[in-house]
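See structure below.
The first residue of the sequence shown is numbered 1, and numbering continues consecutively from there.
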Amino acid sequence: MILAKFMLKITTPINSNNKILSSLNIYRLFFWIFLSLLTVLLHSKHYIDIDEGHVLDGAWNLLNGKKLYFDFFEFTPPGAYYLVLWLWQIFGVNYLVAKIASLAALLLAALGIYKIWSAVSRYFNISRDSVSIYLSIFIFIISTTHLPTISYHTFNLAFTVWAVYFFIKALSIQPNKNIIFFSGLLTGAAALFMQNKGGALFLTLFLFTLFLLIKERKKIWLQSLLILSVATTLPIITLAAFWPVGLLFKNLIAFPIFNYTKVAMVPFYLLFFFIIVWTGVIWLLRKKTATAIQFLFFWQFILLFSIYSLADHAHLLLAIFPLLALLPAVLNEIKTSIYKNYFFILTVVTIFIIVYPALVFLNNFKNLPTAKDYKFLDYIAANCDKTEYLYAGPFMCGIYFETRKINPTPYGWLITNHHTDDQFTDAKEKLEINTPACAILNYQLVKKYGYNIDNPVDNFIKENYYLAYTSNDVMVYKKNQPQ
């Protein structure tokens, strides 16, 4: 209820002459209450997921005194790990704490989509409370049903959407330095969760502001460039106070550039489809020359391009919020277009593609396992308690948090062709020093990456452990007893 009242407050114009909520505002309140409850329901399952495990493992390492980038390896910024850590320190170490924070970020992103439409709706002479914007937000929430919520993607999205909103707000009125500064701060904060999307957003804001400076030759745009640059940099430079710049460059820039795309590339057909959709939207709204609209077109293109290396369905869903924000305008233009039948079909197909995986997921929702249903966790609890250490690989980093065990290596996951030979060798040496009682393996999770089991870590396990238990694709190995 508190969250709903907060949403109502920031989405409702202040009317000093009337303190009684209008019927429209009441409907809006009920919508956000309904959406909040729906979001909680759709994401109520506690299942073990690779991406959620990534964040939980990072926070779990920090909670156990390990130092990020020194004691354990990551190639993503520290934002998500420290956010979950701080919440655990306040509310207790619990999966639900991290989940609630993630759902709040998801709802804030949905609210930001509404605010973006509110900021540009006047250019189309359409009500900011058009039914179609609520449809768009509903589609957004439904489409995320099958996605992991405890993710740096979710936190980054919330900051990104609101950074875009405030920049558009600055464009929709006389350029306001304070608003641009706040947009820059949010952009820098977004980069603390995902460096590539935060960098892409800053590049977009910078280039668009530079374009306005060249086009209009107004001093305000030069000032805006400087303010934007300084504001974005402020959150980012705080990292230098805790980590050497060289180490940050090596982990957050060099490693992703040279190692990420080797295992992350997927076919481009979905990306190509949404580029077609983006082109169609531009054509439909081509007569709308407002600066804010042009910015959304530009940002949508950059956002799609920023995920080219992993343009699968999950990543695309989180990269089309500008299109979702413009859905009311698109539907309105389709009604009068001479090609309305074609555009209507394209719209229906697009919505279907967006929500289809979620619908498949919901069809099996009742049968989805929760953490307590994973029998191998019970086996680990009963048979792997001789030491505090446990190894879970190649890509099962969430197991450490679920079992409350410590990873003896600096690597939450290890994938051949992604991690280097030196990293595999380092992991093997750490296993020799802090040998765990059990090792958990699931090769099916990394089959799509072309994982090669002939590596120092897997060979060490084969030589020193025996297969003691299997559950579906999960294999639990126990340490060989000395002869």
Side-chain angles (χ1 to χ4, degrees), residues 27 31 35 38 109-110 112-147 161 164 168 266-305 307-308 311-363:
Y27 293 145
F31 172 80
L35 195 75
L38 178 65
I113 293 173
Y114 170 83
K115 293 294 288 181
I116 290 173
W117 166 249
S118 298
V120 300
S121 59
R122 62 191 180 95
Y123 299 118
F124 302 99
N125 295 318
I126 303 174
S127 169
R128 71 171 188 168
D129 286 299
S130 167
V131 173
S132 50
I133 188 57
Y134 293 109
L135 171 63
S136 183
I137 294 169
F138 179 76
I139 290 171
F140 168 72
I141 290 297
I142 290 293
S143 70
T144 64
T145 302
H146 66 297
L147 301 182
V161 171
V164 169
I168 287 177
V266 298
F268 292 117
Y269 59 88
L270 269 178
L271 178 61
F272 182 69
F273 173 80
F274 278 101
I275 289 176
I276 292 175
V277 173
W278 169 76
T279 305
V281 170
I282 291 179
W283 189 88
L284 275 172
L285 306 181
R286 64 192 181 281
K287 295 180 181 179
K288 306 300 180 181
T289 58
T291 304
I293 306 300
Q294 301 303 314
F295 168 75
L296 279 178
F297 292 159
F298 183 46
W299 169 231
Q300 182 61 86
F301 173 75
I302 297 296
L303 193 53
L304 289 173
F305 181 77
I307 62 167
Y308 81 95
D312 58 12
H313 192 276
H315 290 82
L316 278 164
L317 285 181
L318 302 178
I320 58 171
F321 74 84
L323 291 177
L324 291 172
L326 291 173
L327 181 62
V330 170
L331 295 178
N332 188 64
E333 291 296 324
I334 287 176
K335 290 189 298 184
T336 58
S337 173
I338 60 174
Y339 304 109
K340 61 182 178 181
N341 291 334
Y342 298 104
F343 278 110
F344 177 76
I345 293 173
L346 179 61
T347 302
V348 171
V349 171
T350 302
I351 293 175
F352 177 77
I353 289 175
I354 290 172
V355 302
Y356 177 72
L359 296 179
V360 173
F361 180 87
L362 286 173
N363 186 52

To the nearest 0.5 Å, what is the distance between CD1 on I282 and NZ on K288? 15.5 Å
What is the distance from atom OG of S136 to atom OH of Y114, rounded to the nearest 0.5 Å? 13.0 Å
With sequence neighbours left out, what residues match F297 under ring-ring contact (aromatic ring centres under 6.0 Å, His included)? none
Do you know the tightest heavy-atom contact between Y123 and A292? CE1-CB, 4.1 Å
Taking distance alone, no hydrogens or angles, what donor-acceptor pairs closer than 3.5 Å link side-chain atoms of residues 343-363 to residues at least two apart or in another chain?
unit_1 : atom_1 : unit_2 : atom_2 : d
T347   : OG1    : F343   : O      : 2.8
T350   : OG1    : L346   : O      : 2.7

Residues 320-342 side chain polar contacts: donor-acceptor under 3.5 Å, at least two apart:
unit_1 : atom_1 : unit_2 : atom_2 : d
T336   : OG1    : E333   : O      : 3.3
S337   : OG     : Y339   : N      : 3.0

Within a strict 4.5 Å, meaning less than it, do heavy atoms of the V164 and F295 side chains meet? yes
Which distance, rounded to the nearest 0.5 Å, do you find between the CG of L285 and the CD1 of I293? 7.5 Å
Applying ring-ring contact (aromatic ring centres under 6.0 Å, His included), can you list everything that pairs with F268, at least two apart in sequence or on another chain? none
Please step through side-chain contact (heavy atoms from CB on, under 4.5 Å) for the pair I137 and W117, ending with a clear verdict. CA-CA 11 Å; I137 294 169; W117 166 249; over 6 Å; no
Heavy-atom check, side chain of I276 versus side chain of F272, under 4.5 Å: yes
On a heavy-atom basis, the closest approach of V161 and A109 is CG1-O, 3.7 Å
Residues D129, Y134; criterion side-chain hydrogen bond (donor to acceptor under 3.5 Å, both in side chains); working and verdict: CA-CA 8 Å; D129 286 299; Y134 293 109; 2.4 Å; yes
Please name the pair of heavy atoms, one in I275 and one in L304, separated by the smallest distance, quoted to 0.1 Å. CG1-CD1, 4.2 Å
Please report the C-alpha distance between Y308 and F305 in whole Å, then the side-chain angles of each, then the deciding distance to 0.1 Å, and finally whether the ring-ring contact (aromatic ring centres under 6.0 Å, His included) criterion is met. CA-CA 5 Å; Y308 81 95; F305 181 77; 5.6 Å; yes
For T291, all residues meeting side chain to side chain donor-acceptor pair (under 3.5 Å), sequence neighbours excluded: none
So which atom in F138 and which in L35 form the shortest heavy-atom distance, rounded to 0.1 Å? CA-CD1, 4.4 Å
Is there side-chain contact between W278 and F273, with at least one heavy-atom pair below 4.5 Å? no
When you measure from the side chain of S143 to the backbone of I139, do you find a donor-acceptor pair of N or O atoms at a distance under 3.5 Å? yes
L318 vs L147, side-chain contact (heavy atoms from CB on, under 4.5 Å): CA-CA, chis, key distance, verdict: CA-CA 10 Å; L318 302 178; L147 301 182; 4.1 Å; yes
Where is the tightest heavy-atom contact between S121 and R128, given as atom of each residue plus distance? OG-CB, 3.6 Å
Of all the heavy-atom pairs spanning V120 and I168, show the shortest one and how long it is. CG1-CG2, 3.8 Å
Rounded to the nearest 0.5 Å, the CZ atom of F274 sits from the OG1 atom of T279 at a distance of 13.0 Å
Residues which pass side chain to side chain donor-acceptor pair (under 3.5 Å) with S127, listed by chain and number, not counting sequence neighbours: none
If I take atom CG from residue L317 and atom NE2 from residue H315, how far apart are they, to the nearest 0.5 angstrom? 10.5 Å
